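As the structure is a prediction and not an experimental result, all values here were calculated from the model. In what follows, every chain begins at residue 1, and chains take the letters A, B, ... in the order their sequences are listed.
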Amino acid sequence: MAKELTSRSENYSQWYNDLVLKADLAENSAVRGCMVIKPYGYAIWEKIQAELDRMFKETGHVNAYFPLFIPKSFLSKEAAHVEGFAKECAVVTHYRLKNSPDGKGVIVDPEAKLEEELIVRPTSETIIWSTYKNWIQSYRDLPLLINQWANVVRWEMRTRLFLRTAEFLWQEGHTAHATEGEAMAEAKQMLEVYATFAENFMAMPVLKGVKSANERFAGALETFCIEALMQDGKALQAGTSHFLGQNFAKAFDVTFVDKNNKIDYVWATSWGVSTRLMGALIMSHSDDNGLVLPPKLAPFQVVIVPIYKNDEQLAAISEKVNELIPKLRKLGISVKFDNNDNKKPGWKFAEYELKGVPVRLAMGARDLENGTVEVARRDTLTKETVELEGIENYIEKLLDAIQENIYKKAFDYRTSVTRNVDSYDEFKVEIEKGGFLLCHWDGTAETEERVKDETKATIRCIPLEASEEGVCIFTGKPSKQRVVFARAY
RNA sequence: CGGGAUGUAGCUCAGCCCGGUUUAGAGUACUCGUCUGGGGGGCGAGUGGUCGCAAGUUCGAAUCUUGUCAUCCCGACCA
């Protein structure tokens, strides 16, 4: 009908685009590369935010807000940092418009040129470290554990809804520490937070690891990441946590006096996840019928569709439903009763499937007679008729089962496409099939670069806590552990 | 930034090659009525378009020419 999705096998990337639009998550805007996040999509993002925010606070962080604009000179204070971002910065040069002399609209007033141009933040390290300089004098001011929820702009050439947009929403944590060890521990801790969130809430298994030098954040000494695998076999970086060493402290002269009255530069971390997680969520679980949402992130977990022939029947059904809703809410289950008379039940069934609502209840005249309700689960597309009495407890367990099942499905898929590869010839064949390839690598940027040029595959991460002697598949040089190769988003 | 394609109703598109029976169409969506209602309903009526924008050719342009803008796909670039 009107909302047919392209199937995944036919064209995976078209399927994704269709799904984002048709499930009403987001759409393209009048501004090239920027998206409008629609209420249903934003509701999912709010759930992501709420849980992450809770986890950040639980680990001692507080929220603050720093400006959207960054003086151009700030960006250039850290050499690697400016190198990494310069090519995709939006720049504010003027502060006033005036009426066009030809009477058609407005023009930039050439008189109103800014003395120093402002960059729209692509990330906030520079503005934040210039501020931290004033906040930190002594070890007693440390650690400084701050997060901000914000938008950032990176002027991308090619954009895709959620996965890569010119403006996106994210959170960025920026912390300052007295010792190298403490900062490193912080960076690793936040990686764990991300991984826990991805697995427990998004039901998305992730690999934890370190980035190779090529993939490292501009200005970091070490970048930790979580990498997820999408259903088409491509990898997606879902979150990063950076150990920044003293790079930014030195660039912005942020020093502190330690217990021994010795002056030193502070140690830093930064870490972030963005609306890109929405893309990861969509591509981890959804199917040809639409979105599949994990119950913990679904804007509503249960939808109730009444089936009736007249107002009397609707009234009778509504009465039962209105008894049930408080029982569900009491168990913390979010529920929507769709008694909209403008849409037919069949239309609603398809619509809520498209939107990934985990559980659908249908109640009609037959059910009223029998004291039952039809329960349909989105992840398996199965239906069963269940006693209405005590249904809330049944649904509570069912939601847990769904959360678990979609995680397991994603985990099993990842397992099935993760394999060891020990020769470059085999690599070139296997990489075409997608998935994670675990290979030995000699640790050099040159090798990684050549493999990328020849196969489009990159090192997604160097797994933590793994060791196995071997030889590089490309150069035959010795290697201490396997690394994860894949094609990536 | 290179290569390719497309701009016609809210959306998807036909019409363009070969200019004039086209007062610009279809499906879908929307509005009203009605029959319906357990998987995207049926019937009837109706609303809705400066044919991306600008200039040109012509008696006449959605249709031909040039320019321009925008979008999509494939590359390059990149967290």
(message) Under the rule for side-chain hydrogen bond (donor to acceptor under 3.5 Å, both in side chains), what residues qualify as partners of A:Arg482, not counting sequence neighbours?
(response) A:Asp422, A:Glu468
(request) Name all residues meeting the side-chain hydrogen bond (donor to acceptor under 3.5 Å, both in side chains) criterion together with A:Asn340; count only those two or more places apart in sequence or in a different chain, and write none if there are none. (result) A:Asn342
Could you work out the separation of [N] and [M] based on their [atom1] atoms and round it to a whole Å?
{"N": "B:A62", "M": "B:A9", "atom1": "P", "answer": "14 Å"}
{"N": "B:U8", "M": "B:G48", "atom1": "C1'", "answer": "14 Å"}
{"N": "B:C64", "M": "B:G27", "atom1": "P", "answer": "26 Å"}
{"N": "B:G56", "M": "B:G15", "atom1": "P", "answer": "29 Å"}
{"N": "B:U68", "M": "B:G20", "atom1": "C1'", "answer": "29 Å"}
{"N": "B:C51", "M": "B:A70", "atom1": "C1'", "answer": "16 Å"}
{"N": "B:U47", "M": "B:A26", "atom1": "P", "answer": "12 Å"}
{"N": "B:C11", "M": "B:C30", "atom1": "C1'", "answer": "11 Å"}

Mind checking who [N] pairs with, Watson-Crick or G-U wobble, both distances under 3.5 Å?
{"N": "B:U6", "answer": "B:A70"}
{"N": "B:C16", "answer": "none"}
{"N": "B:U23", "answer": "none"}
{"N": "B:C43", "answer": "B:G33"}
{"N": "B:G38", "answer": "none"}
{"N": "B:G75", "answer": "B:C1"}

Protein-nucleotide distance ([X], atom [atom1]; [N], atom [atom2]), rounded to Å:
{"X": "A:Asn340", "N": "B:G37", "atom1": "CG", "atom2": "C1'", "value": "13 Å"}
{"X": "A:Tyr12", "N": "B:C74", "atom1": "OH", "atom2": "P", "value": "15 Å"}
{"X": "A:Trp347", "N": "B:G42", "atom1": "CH2", "atom2": "P", "value": "15 Å"}
{"X": "A:Arg160", "N": "B:C72", "atom1": "CZ", "atom2": "P", "value": "11 Å"}

Partner residues of [X] under the ring pair (Phe, Tyr, Trp, His ring centres under 6.0 Å) criterion, sequence neighbours left out:
{"X": "A:His81", "result": "A:Phe85, A:Phe217, A:Phe248"}
{"X": "A:Phe168", "result": "A:Trp170"}
{"X": "A:Trp15", "result": "A:Tyr12"}
{"X": "A:Phe201", "result": "A:Phe197"}

(request) Output all residues satisfying salt bridge (charged side-chain N to carboxylate O under 4.0 Å, His left out) with A:Glu227, sequence neighbours left out; order by chain, then residue number. (result) A:Lys211, A:Arg460
(request) Would you please name every residue forming a salt bridge (charged side-chain N to carboxylate O under 4.0 Å, His left out) with A:Arg377, sequence neighbours left out? (result) A:Asp379
(request) Report the C-alpha separation of A:Asp287 and A:Val292 in whole Å, then their side-chain angles, then the decisive distance to 0.1 Å, and conclude whether the side-chain contact (heavy atoms from CB on, under 4.5 Å) test is met. (result) CA-CA 7 Å; A:Asp287 62 25; A:Val292 174; 4.0 Å; yes
(message) Measuring to OP1 and OP2 of B:U36, would you say a side-chain N or O of A:Lys343 lies under 4.0 angstrom away?
(response) no
(message) If you take any heavy atom closer than 4.0 Å to RNA chain B, which residues from residues 359-368 of chain A end up in contact?
(response) A:Arg360, A:Ala362, A:Gly364, A:Ala365, A:Arg366, A:Asp367
(message) Can you pull out the residues from residues 302-321 of chain A that lie within a 4.0 Å heavy-atom distance of RNA chain B?
(response) A:Ile307, A:Tyr308, A:Lys309
(message) Let's see if you can work this out: which of B:G39, B:G38, B:C72 has an atom nearest to the side-chain heavy atoms of A:Arg32?
(response) B:C72
(request) Using the side chain to side chain donor-acceptor pair (under 3.5 Å) rule, pick out the option among A:Asn17, A:Asn11, A:Asp18 that qualifies with A:Gln14. (result) A:Asp18
(request) Check side chain to side chain contact (heavy atoms under 4.5 Å, CB included) between A:Ala183 and all other residues, then give those that pass, not counting sequence neighbours. (result) A:His177, A:Phe243, A:Trp267, A:Thr269
(request) Hey, which sits more toward the 5' end of RNA chain B by its nearest nucleotide, A:Asp341 or A:Ser13? (result) A:Asp341
(message) Rounded to the nearest 0.5 Å, what separates atom CZ in A:Arg276 from atom CG in A:Leu236?
(response) 4.5 Å
(message) I'd like to know if A:Glu351 and A:Lys22 make a salt bridge, using a cut-off of under 4.0 Å between side-chain N and carboxylate O.
(response) no
(request) Tell me what A:Asn342 touches on the nucleic acid: a base, only sugar-phosphate, or nothing, going by heavy atoms under 4.0 Å. (result) nothing
Collect all protein-nucleotide pairs involving nucleotides 75-79 of chain B in which both atoms are nitrogen or oxygen and the distance is under 3.5 Å.
residue: B:C78; atom: O2; partner: A:Arg164; partner atom: NE; Å: 3.4
residue: B:C78; atom: O2; partner: A:Arg164; partner atom: NH2; Å: 3.3
residue: B:A79; atom: O3'; partner: A:Arg154; partner atom: NH1; Å: 2.6
residue: B:A79; atom: O2'; partner: A:Arg154; partner atom: NH1; Å: 3.0
residue: B:A79; atom: N7; partner: A:Arg164; partner atom: NH2; Å: 2.8
residue: B:A79; atom: N6; partner: A:Arg276; partner atom: NH1; Å: 3.2
residue: B:A79; atom: N6; partner: A:Arg276; partner atom: NH2; Å: 3.3
residue: B:A79; atom: N6; partner: A:Tyr489; partner atom: O; Å: 2.6
residue: B:A79; atom: N1; partner: A:Gln237; partner atom: OE1; Å: 3.3

